[in-house]
Amino acid sequence: MKIIASTNGRTGIFAAMDVLRRGGSAIDAVEAGIRLVEDNPEDHTVGYSGLPNLLGEVELDASIMDGRTRAAGAVGAIKGFPYAISVARRVMEELPHCFLVGEGAARFGREMGCEERELLTPEARDIWRQLLEAKVPEVYAGRMRYLEKIRQYARVTADPERPNETVNFIAMDAAGNLCCGVSTSGWAWKYPGRLGDSPVIGAGNYADNRYGAAACTGRGEMAIRAGTARAMVLYLGMGMTLDEAGPAVMRDLYQLEDEYFGRVSMIAMDAKGGHRAFSLAPDATYLHFGAAMAAPEELPRVYVAGPA
Ligand code: ASP
């Protein structure tokens, strides 16, 4: 039994491990862990208090994948539901579909009785407003159409120092089943309706008990275009080790022509519970929590440098 997570998963990783220790499934553990991160008002990258889109509306993306069956559920650009991961899980379990977006996702969340809440906090709104006022005041004042400056915004908000992140959890339960979950408020100041990689199965999330699981954070457009999480699991399935597959998958991202090139990071676990994490940025870390450990350890991610 073990869990790996992005570093901001610290808020939920103890609860997730408790679920596994009590005999719960990897799916229950991933959902429990991510819900606490979604609920954390200090994390402006996920769930409640996430940073909003260009119009000041918080739109959440989340997905969950069961490695035992390869069933998956995802929601994109859903508004008003703090626990997007739970709505995604219900999509996986209750519907003949695996991906709902926008109004349809919210309608479904309501029908399932999922908790609704105003997601925009005063603090997140201030961060949103201050950047717009400072960098593109004519848009903030309503004197210019959004589209005219979208490329300029994108450059401002694609800065990897800006708070655009995501939470990743991968759990392996006592039965050896894998589950992978991802939740995010996405790229802050994004164009309304924009989806990143997080809810896209194969891009930001993939799990298959036979080979392993992978989840991404960072510039989602790149992970979508490269099919990053699926590529990682496919390479593991073709017999590569984590240390062979991870750098190969990450190096492929450098081959994308991308005006807004940004950091992408990935955590991965193989079918035996081996784990690694990778990043296009140096000095990144991730969490690992084994069942026999008193607390999670923070480990370095393998830095995959670009071509010289
Ligand atoms: N991957 C997320 C997205 O593109 C954001 C992030 O992790 O920074 O929506």
Side-chain angles (χ1 to χ4, degrees), residues 4-11 34 37-38 40 43-47 49-54 57-65 74-79 84-85 88 99 101-102 105 119 124 127-128 131 150 153-170 180-206 214-232 249-250 253 256 258-268 277-281 284-287 301:
I4 59 171
S6 51
T7 314
N8 61 345
R10 191 176 291 282
T11 320
I34 289 182
V37 183
E38 290 175 328
N40 179 7
D43 190 329
H44 296 305
T45 71
V46 179
S49 87
L51 285 171
N53 67 17
L54 212 43
E57 303 161 336
V58 182
E59 292 180 328
L60 304 182
D61 298 340
S63 66
I64 191 160
M65 186 160 187
V75 290
I78 186 171
K79 295 184 208 167
I85 194 69
F99 200 172
V101 298
L119 301 181
I127 297 170
W128 170 82
L131 178 130
I150 184 75
Y153 291 133
R155 268 192 213 89
V156 169
T157 60
D159 176 348
E161 295 305 312
R162 293 230 60 87
N164 54 336
E165 267 292 341
T166 292
V167 65
N168 293 163
F169 264 76
I170 297 174
C180 184
V182 182
S183 183
T184 189
S185 50
W187 187 344
W189 300 276
K190 62 195 168 187
Y191 197 84
R194 175 265 186 189
L195 300 179
D197 59 321
S198 309
V200 179
I201 297 300
N205 181 340
Y206 205 78
C216 302
T217 57
R219 178 154 163 71
E221 283 73 5
M222 291 169 60
I224 291 173
R225 291 164 63 200
T228 300
R230 176 71 180 118
M232 180 66 189
V249 167
M250 301 303 284
L253 294 163
L256 298 169
D258 192 85
E259 190 181 342
Y260 307 95
F261 189 91
R263 175 187 58 183
V264 175
S265 302
M266 176 176 68
I267 62 170
F278 307 88
S279 182
L280 302 187
T285 57
Y286 73 110
L287 301 178
R301 292 181 188 244

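One-based numbering, in listed order, for ligands and for the atoms of each. It should be emphasised that the depicted structure is a prediction, and the values quoted were computed from it without experimental measurement.
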Min heavy-atom dist G204 to ligand 1 below 4.0 Å = no

Taking distance alone, with no angle check, do [X] and ligand 1 share an N/O pair under 3.5 Å?
X: T166; result: yes
X: D197; result: yes
X: G218; result: yes

Against heavy atoms of [X], which atoms of ligand 1 measure under 4.0 Å?
X: G220; value: 4 (O)
X: W187; value: 9 (O)
X: T217; value: 7 (O)
X: G186; value: 9 (O)

Does R194 approach ligand 1 within less than 4.0 angstrom via side chain, backbone, both or neither, non-hydrogen atoms only?
-> side chain

Mind listing the closest non-hydrogen atom pair of S49 and H44 along with its distance?
-> O-ND1, 2.8 Å

Which atom names give the shortest non-hydrogen contact between I34 and V182, and what distance separates them?
->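 Taking I34 first and V182 second, the nearest heavy atoms are CD1-N, 3.8 Å.
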
Test R194 against E59 for salt bridge (Lys or Arg N to Asp or Glu O under 4.0 Å), laying out the working first.
-> CA-CA 9 Å; R194 175 265 186 189; E59 292 180 328; over 6 Å; no

In chain order, what residues pass the side-chain hydrogen bond (donor to acceptor under 3.5 Å, both in side chains) check against S279, with sequence neighbours excluded?
-> S265

Main-chain N/O of S198 paired with S63 side-chain donor or acceptor, under 3.5 Å = yes

List in chain and number order the residues that pass ring pair (Phe, Tyr, Trp, His ring centres under 6.0 Å) with F278, two or more places apart in sequence or in another chain; answer none if no residue qualifies.
-> none

